[in-house]
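Read the structure below first, then the notes.
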Amino acid sequence: MPPAVASAEAGLQVAGQVREIRRARHLSQRQLASRMQVPRTYISKIENGKAIPTLGSLERLACALEVDMRQLVRDSRSRREEEVSAILSDPFLAEIAAMLPHLDSLHRTLLYGSVRDMAAGRRRTA
């Protein structure tokens, strides 16, 4: 991948992460900008992928958002790995996940339907 394309792609990942974390923290762009002591338009440019923050800006962003800097630059693969780890940390779900490869598609479908019905509060009748 050419460096310019890789840089743009990385910028979009940072943009999405900044926006997602800012919203999760219930901060406006103006509030985040105030914490960083930058203009609000700079936050907007970062979130829209029009500006790629420098390493120093990433540090200030992370500090203002109260997160580790790695959270701002993680890609979809690392997010997926974290989600899988979180799911498998539940012993019940880990046990179910270990059994899934041994089921054929019909049994997987039946299992999925049963779990969906139980979650919805419905009972299956024979």
Side-chain angles (χ1 to χ4, degrees):
M1 184 179 310
V5 174
S7 178
E9 192 173 302
L12 292 176
Q13 289 172 354
V14 169
Q17 286 297 106
V18 169
R19 181 182 298 111
E20 183 180 313
I21 295 168
R22 176 182 62 77
R23 287 179 177 169
R25 301 261 190 273
H26 305 289
L27 293 171
S28 67
Q29 287 183 345
R30 190 170 309 285
Q31 289 169 319
L32 179 56
S34 176
R35 287 182 179 193
M36 287 184 64
Q37 299 179 341
V38 297
R40 184 209 53 84
T41 54
Y42 181 61
I43 302 301
S44 177
K45 287 178 182 177
I46 290 172
E47 289 187 0
N48 290 308
K50 306 242 189 268
I52 299 174
T54 63
L55 189 56
S57 290
L58 277 175
E59 283 182 309
R60 290 177 34 222
L61 264 170
C63 183
L65 290 168
E66 299 174 343
V67 297
D68 189 281
M69 195 165 74
R70 290 176 291 191
Q71 284 188 269
L72 298 179
V73 294
R74 65 188 184 154
D75 60 5
S76 58
R77 180 179 174 195
S78 62
R79 278 196 306 271
R80 185 179 187 312
E81 289 171 357
E82 288 173 13
E83 289 168 357
V84 168
S85 293
I87 290 168
L88 295 179
S89 68
D90 180 306
F92 174 74
L93 294 177
E95 189 174 343
I96 296 289
M99 293 178 200
L100 288 176
H102 305 289
L103 297 177
D104 60 30
S105 62
L106 172 63
H107 288 106
R108 282 179 188 224
T109 302
L110 291 172
L111 176 65
Y112 173 71
S114 295
V115 170
R116 185 185 61 231
D117 289 347
M118 283 187 277
R122 297 186 295 232
R123 291 186 166 222
R124 286 196 168 204
T125 56

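Along the sequence shown, residues are numbered consecutively beginning with 1.
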Distance from Ser57 atom OG to Ile46 atom CD1, nearest 0.5 Å? 6.0 Å
With rounding to the nearest 0.5 angstrom, report the CZ to NE2 distance, Arg23 to His26. 12.0 Å
Set of side chain to side chain contact (heavy atoms under 4.5 Å, CB included) partners for Gln31, sequence neighbours left out: Leu27, Ser28
Return the minimal non-hydrogen interatomic distance between Tyr42 and Ala51, and the atom names on each side. CE1-CB, 4.4 Å
Do Leu32 and Val73 belong together in a cluster built from hydrophobic side chains that touch within less than 4.5 Å? yes
Taking only residues two or more places apart in sequence, or in another chain, which ones meet Asp68 in a salt bridge (Lys or Arg N to Asp or Glu O under 4.0 Å)? Arg70
Sequence neighbours excluded, the answer for side chain to side chain contact (heavy atoms under 4.5 Å, CB included) partners of Val67 is Ile21, Arg25, Ala62, Leu65, Gln71, Leu72
CG-OH distance between Leu100 and Tyr112, expressed to the nearest 0.5 angstrom: 13.0 Å
Could I get the full list of salt bridge (Lys or Arg N to Asp or Glu O under 4.0 Å) partners for Arg60, not counting sequence neighbours? none
For the CD atom of Gln17 and the CZ atom of Arg19, what is their distance to the nearest 0.5 Å? 11.0 Å
Spacing of Asp90 atom CG and Ile96 atom CD1 [to the nearest 0.5 Å]: 10.0 Å
What's the spacing between Leu61 CG and Arg22 CZ if we round to 0.5 Å? 11.0 Å
Please check if Ile43 and Leu55 belong to a single hydrophobic cluster, counting links between Ile, Leu, Val, Met, Phe, Trp and Tyr side chain heavy atoms closer than 4.5 Å. yes
According to the salt bridge (charged side-chain N to carboxylate O under 4.0 Å, His left out) rule, which pairs have a member within residues 92-115, sequence neighbours left out? none
For residues 33-41, please give each side-chain donor-acceptor pair under 3.5 Å, one per line with the distance, not counting sequence neighbours.
from  : atom 1 : to    : atom 2 : distance (Å)
Arg35 : NH1    : Ala64 : O      : 2.7
Arg40 : NH1    : Gln29 : OE1    : 2.9

